[in-house]
Visitor: 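Take a look at the following structure, please.
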Amino acid sequence: MTVTPRSTQRALGAALSLVAALAVTGCVSDPPQPEPTQSTAPTPTSTNPVNPTPPSDTGATVAPVPEAESDSQVAAVDAATAALTAYAQPGLPYQEWINGLYPYLTQTGAAAYEDTDPSRIPVRKVTGPGIILPASTEVALIVQLPTDAGNYNVSLSRPNAESAWLADRIRPADG
């Protein structure tokens with residue numbers, strides 16, 4: 001039998017068609033893989049249980065965070081008053097409002113108020129002195145302030161007793 005270029009093309013075309021048909025119908029499989037061999041090494045055994053008991057703190061004491069001292073509370077009320085005063089300016093354009101508020105906010109507070117429309121803020125002014133709500137500490141507390149729109153709570157925090165108080169959140173006391 002003499003092979004001509006034309007017959008080679010036909011044979012190649014037929015072979016490709018057959019392979020394609022077998023692949024589509026699922027008759028072609030992956031080449032056989034060698035069987036995994038069994039390890040003769042001994043399996044290590046653990047002396048620890050699968051779910052070990054966590055270490056116990058029994059007998060350990062945690063030092064409580066001290067309550068905010070009177071000087072610290074005065075500074076907190078001042079910081080809350082300044083933050084709420086900066087917040088309560090619904091007549092300002094957004095950029096001026098947020099730039100005036102940033103110095104009184106933590107990073108969390110700044111992120112929380114970046115999308116606030118100041119024209120929708122109902123409070124316009126602080127109308128009296130603030131009070132520290134119970135459970136104040138040297139690093140976190142809430143100051144309640146009276147305003148022309150009712151009482152507002154200003155949550156303040158700081159990393160340590162030497163740092164300035166900054167506002168995390170400003171919200172109506174009943175909300």
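Each residue takes its place number in the sequence, starting with 1.
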Visitor: Counting only heavy atoms not in Asp115, do more than 12 sit closer than 6.0 Å to its CG atom?
Guide: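 Atom CG in Asp115 is not crowded, with 12 or fewer foreign heavy atoms closer than 6.0 Å.
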
Visitor: Closest approach of Ala83 and Ile170, non-hydrogen atoms and distance?
Guide: O-CD1, 4.0 Å

Visitor: Do Gln144 and Ile142 make a side-chain contact, defined as non-hydrogen atoms from C-beta onward lying under 4.5 Å apart?
Guide: no

Visitor: Is there a side-chain contact between Ser119 and Trp97 in this structure, where contact means two heavy atoms from C-beta onward sitting under 4.5 Å apart?
Guide: no

Visitor: Do Tyr94 and Leu101 belong together in a cluster built from hydrophobic side chains that touch within less than 4.5 Å?
Guide: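 Both belong to a single hydrophobic cluster.
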
Visitor: With heavy-atom distances below 4.5 Å as the criterion, would you say the side chains of Val154 and Leu145 are in contact?
Guide: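 Touching, per the 4.5 Å side-chain cut-off.
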
Visitor: Does Arg158 use its side chain to pair, donor to acceptor, with the backbone of Val139 at less than 3.5 Å?
Guide: no

Visitor: Could you grab the distance from atom CG of Asp174 to atom CG of Asn151, nearest 0.5 Å is fine?
Guide: 8.5 Å

Visitor: Could you tell me whether the side chain of Ser136 and the main chain of Ile132 form a donor-acceptor pair under 3.5 Å?
Guide: no

Visitor: Going by atom types only, do Ser155 and Asp168 share a side-chain donor-acceptor pair under 3.5 Å?
Guide: no

Visitor: Tell me, do Leu133 and Asn153 make a side-chain contact under 4.5 Å, heavy atoms counted?
Guide: yes

Visitor: Backbone N or O of Arg124 within a donor-acceptor pair of the Asp148 side chain at under 3.5 Å?
Guide: yes

Visitor: Applying side-chain contact (heavy atoms from CB on, under 4.5 Å) to Thr147 and Leu84, what does each step give before you reach the verdict?
Guide: CA-CA 9 Å; Thr147 73; Leu84 186 54; 3.5 Å; yes

Visitor: Quick check: closest heavy atoms across Trp165 and Ser72, and the distance to 0.1 Å?
Guide: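 Scanning both residues, the minimum pair turns out to be NE1-O, 3.1 Å.
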
Visitor: Using the side-chain contact (heavy atoms from CB on, under 4.5 Å) rule, take Tyr102 and Glu114 through it: C-alpha gap first, then chi angles, then the decisive distance, then the call.
Guide: CA-CA 9 Å; Tyr102 277 148; Glu114 282 184 346; 3.3 Å; yes

Visitor: Under 6.0 Å between ring centres, would you say that holds for Tyr87 and Tyr113?
Guide: yes

Visitor: So which atom in Ala82 and which in Tyr104 form the shortest heavy-atom distance, rounded to 0.1 Å?
Guide: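 Result for this residue pair: CB-CE2, 3.5 Å.
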
Visitor: Report, as yes or no, whether the 6.0 Å neighbourhood of atom CG on Asn160 holds more than 12 heavy atoms from other residues, nucleotides or ligands.
Guide: yes

Visitor: Quick check: is Leu166 connected to Leu156 through a chain of hydrophobic side chains (ILVMFWY, heavy atoms under 4.5 Å apart)?
Guide: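 Hydrophobic grouping puts Leu156 apart from Leu166.
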
Visitor: To the nearest 0.5 Å, what is the distance between CD (Gln73) and CD1 (Ile131)?
Guide: 11.0 Å

Visitor: Is it the case that the side chain of Thr116 and the backbone of Pro118 share a donor-acceptor pair, with hydrogens and angles ignored and the cut-off at 3.5 Å?
Guide: no

Visitor: Is it the case that the side chains of Thr81 and Asp78 hold a donor-acceptor pair, with the cut-off being a distance below 3.5 Å and no angle test?
Guide: no

Visitor: Nearest 0.5 angstrom please: Glu162 CD to Glu138 CD, how far?
Guide: 8.5 Å

Visitor: If you look at every heavy atom in Val123 and Pro90, which pair is closest and at what distance?
Guide: O-CD, 3.7 Å

